[in-house]
Amino acid sequence: MSIDNKTAMQRIVMAVDLDYFFAQLEEIRRPELKQRPVVVCVFSGRTETSGAVSTANYVARRLGVKSGIPIVLAKKVLAGHPESVFLPVDHPHYDTVSERIMQILSSISPQFEQVSIDEAFLDVSSTVRGKFDAATEIAQKLKAEIIQEEKLTCSIGIGPNKLIAKMAADHGKPNGLFVVPPENVGSFLNDQPLSKLIGIGTKTEKKMEDLGIKTIHDLSKFDTDVLAREFGKNLGPHFKRIAKGIDDDPVITRQVEQIGRIITLKNDASSFSFEDEMIPLYLDIADRLSAQKLKAKVMGIIVITSQLKIKNRANTLDIPTDSVDIISKTANCLFQQFFKNDENLQEGKIRRAGVKVSGLERYGEIDEKERGKSEAQIRTLTDFLQTDGSF
DNA sequence: AACAAGGGTTTAG
DNA sequence: TCATCTAAACCCTTGTT
């Protein structure tokens with residue numbers, strides 16, 4: 001009997017999540033806010049209070065303020081707390097600090113994946129040679145370093161894959177460090193409600209409940225075919241796998257696939273009367289494309305009705321572009337078409353509008369699809385020359 | 001049958 | 001008038017090759 005010395009090392013993934021990031025940054029700017037409810041808001045500019053809550057500190061959260069609720073509602077909830085502060089988002093500042101922290105994180109392991117402005121995964125398997133204790137030590141040092149450098153607390157989860165690491169980080173929030181070694185995955189999952197599984201939101205949870213799936217354990221035992229029928233051939237089986245704690249998704253630096261901007265219009269529109277309001281969006285998208293050395297092949301518009309129904313219209317260009325001129329002409333054309341022939345207008349007016357580009361290509365790099373197309377074109381030409389082309 | 005494009009849904013932070 | 005903004009993954013339908 002030979003010992004298999006090629007046995008894969010135990011994968012160890014770390015999820016790092018900065019606690020109530022925007023609100024914590026505001027607390028650092030003004031430490032006297034720490035004891036008071038802090039609500040960071042996206043004001044739409046329509047009225048004094050229209051808009052939504054981006055993030056709130058835990059003082060405000062304990063009183064019932066949650067991400068995404070209307071600002072007006074948050075004000076009602078905090079009516080009895082005149083010491084509350086409502087601040088507008090300051091993205092440039094948040095971006096700057098985020099960048100510095102991501103720098104620290106990416107120095108821990110080359111296998112680094114930034115998921116959002118305040119979240120990242122690290123695969124430390126080889127760094128710690130599969131030892132969870134060593135990974136835990138790294139996490140402790142990391143937390144200390146982030147406090148040292150930026151005065152910020154974060155929550156770290158450690159697990160055998162991204163899913164478990166992320167759920168562990170959530171579990172320890174705020175200022176947590178929670179470790180789930182492989183042998184504890186089962187009990188860790190079974191102790192939690194279905195809604196804590198990453199990727200299962202309110203709609204999916206409700207649908208599962210209707211199917212009689214009430215716990216993560218129920219889901220892990222449920223008929224795969226029924227899941228595939230109800231949630232799709234990929235998503236259904238995926239849900240079952242994550243309920244068992246199985247997740248092979250690698251920690252990889254992802255590349256940007258779409259760039260978009262959307263705004264709330266000054267007034268609801270029933271015709272394309274907001275061309276001027278779109279100009280800054282076009283400029284911004286063009287800027288962001290060229291800053292990342294990207295060109296886009298697909299140009300799209302997004303329209304949100306006064307009933308908050310989302311509509312998309314898009315078309316594909318012959319040649320990828322980063323030109324403001326082409327972006328604005330194409331988008332304006334799509335808006336015109338939308339208002340011209342869409343009976344959707346009967347559903348109501350337009351509240352918000354935006355632009356989105358995708359089908360992104362880096363300069364000098366031939367996209368796989370394009371390469372395929374060129375080859376097909378060459379073959380066609382060759383065939384032509386060999387048959388009809390010869391005489 | 002395989003693939004592209006367009007449009008919708010859900011999730012997450 | 002309660003209701004932001006960005007981005008990804010997936011699903012479905014329709015039309016081409």
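Naming convention: chains lettered A, B, ... in sequence-line order (proteins, then strands); numbering from 1 in each chain.
Within the nucleic acid shown, A:Asp17 has no heavy atom closer than 4.0 Å to any nucleic acid atom.
The shortest distance between the side-chain N/O atoms of A:Lys166 and the OP1/OP2 oxygens of B:dG13 is below 4.0 Å.
The stretch residues 222-250 of chain A touches DNA chain C through A:Phe231, A:Gly232, A:Lys233, A:Asn234, A:Leu235, each having a heavy atom under 4.0 angstrom from the strand. Within residues 78-95 of chain A, no residue has any heavy atom under 4.0 Å from DNA chain C. Proximity of residues 200-218 of chain A to DNA chain C (heavy atom under 4.0 angstrom from any strand atom) is not detected for any residue.
To the nearest angstrom, C1' of C:dA8 lies 14 Å from CD of A:Gln114. If you measure from atom CD of A:Glu119 to atom P of B:dG13, you get 6 Å, rounded to the nearest angstrom. As a whole-Å value, the separation of A:Leu18 CG from B:dG13 P is 13 Å. The distance between atom CG of A:Asp19 and atom P of B:dG13, rounded to the nearest whole Å, is 13 Å. Taking atom CZ of A:Phe21 as the reference point, atom C1' of B:dG13 lies 12 Å away to the nearest angstrom. Here B:dA5 presents its P atom at 11 Å from CG of A:Asp318, a figure rounded to the nearest Å. Rounded to whole Å, atom C1' of B:dG13 lies 13 Å from atom CZ of A:Arg254. Look at NZ on A:Lys76: it is 11 Å from C1' on C:dT1, rounded to the nearest Å.
Across A:Pro37 and A:Leu78, no two heavy atoms sit closer than the pair CB-CD1, 4.1 Å. Taking both residues in full, the closest heavy atoms of A:Ile242 and A:Leu189 are given as O-CD1, 4.0 Å, listed atom of the first, atom of the second, then distance.
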Could you encode protein contacts along nucleotides 2-7 of chain C as a string, one character per nucleotide from 5' to 3', using B for base contact, S for sugar-phosphate-only contact and - for no contact, with a heavy-atom cut-off of under 4.0 Å?
-> BBBBSB
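Between the A:Arg46 side chain and the A:Leu265 main chain, a donor and an acceptor come within less than 3.5 Å of each other. Side-chain N or O atoms of A:Arg29 include none that pairs as donor or acceptor with a backbone N or O of A:Gln24 at under 3.5 Å. No donor-acceptor distance shorter than 3.5 angstrom exists from the side chain of A:Lys214 to the backbone of A:Leu194, with no hydrogens or angles considered.
Comparing C:dT1, B:dG7, B:dG13 by their closest approach to the side chain of A:Asn312 singles out B:dG7. Ranking B:dG13, B:dG7, B:dT9 by closeness to the A:Lys309 side chain, first place goes to B:dT9.
For A:Gln148, the CD atom sits in a loose shell: 12 or fewer heavy atoms of surrounding residues, nucleotides or ligands are nearer than 6.0 Å. Other residues, nucleotides and ligands contribute at most 12 non-hydrogen atoms within 6.0 Å of the NZ atom of A:Lys329.
Applying the side-chain hydrogen bond (donor to acceptor under 3.5 Å, both in side chains) rule to pairs touching residues 8-20 of chain A yields A:Asp17-A:Lys166, A:Asp17-A:Lys173, A:Asp19-A:Thr153, A:Asp19-A:Ser155, A:Tyr20-A:Glu27, sequence neighbours excluded. The ring pair (Phe, Tyr, Trp, His ring centres under 6.0 Å) analysis of residues 130-174 of chain A, with sequence neighbours excluded, yields the pairs A:His171-A:Phe178, A:His171-A:Phe188. Screening residues 201-232 of chain A for ring pair (Phe, Tyr, Trp, His ring centres under 6.0 Å), with sequence neighbours left out, gives A:Phe231-A:Phe239. Among residues at least two apart or in separate chains, ring pair (Phe, Tyr, Trp, His ring centres under 6.0 Å) pairs with a member in residues 22-53 of chain A are A:Phe22-A:His91, A:Phe22-A:Tyr94.
Taking A:Glu99 as the reference, nothing meets the salt bridge (charged side-chain N to carboxylate O under 4.0 Å, His left out) condition, with sequence neighbours excluded. Here A:Lys240 pairs with A:Thr224 under the side-chain hydrogen bond (donor to acceptor under 3.5 Å, both in side chains) rule; sequence neighbours left out.
The one candidate from A:Ser98, A:Ser54, A:Cys154 that meets the side-chain contact (heavy atoms from CB on, under 4.5 Å) condition with A:Phe21 is A:Ser98.
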Stepwise side chain to side chain contact (heavy atoms under 4.5 Å, CB included) test for A:Leu294 and A:Asp322 = CA-CA 7 Å; A:Leu294 293 171; A:Asp322 60 357; over 6 Å; no
Mind listing the N/O atom pairs, protein and nucleotides 13-17 of chain C, below 3.5 Å?
none

Between the protein and nucleotides 1-3 of chain B, list the N/O to N/O atom pairs that are separated by less than 3.5 angstrom.
none

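A salt bridge between A:Asp284 and A:Arg288 is present, with a side-chain N of the basic residue lying under 4.0 Å from a carboxylate O of the acidic one. Ion pairing between a basic and an acidic side chain is recognised when a charged N comes within 4.0 Å of a carboxylate O; A:Asp247 and A:Lys162 show no such pairing. Of the charged side-chain nitrogens involved, at least one lies within less than 4.0 Å of a carboxylate oxygen, so that A:Glu150 and A:Arg100 count as a salt-bridged pair.
Relative to the six-membered ring of A:Phe274, A:Lys266 misses at least one condition, a distance below 6.0 Å or an angle of at most 45° to the axis.
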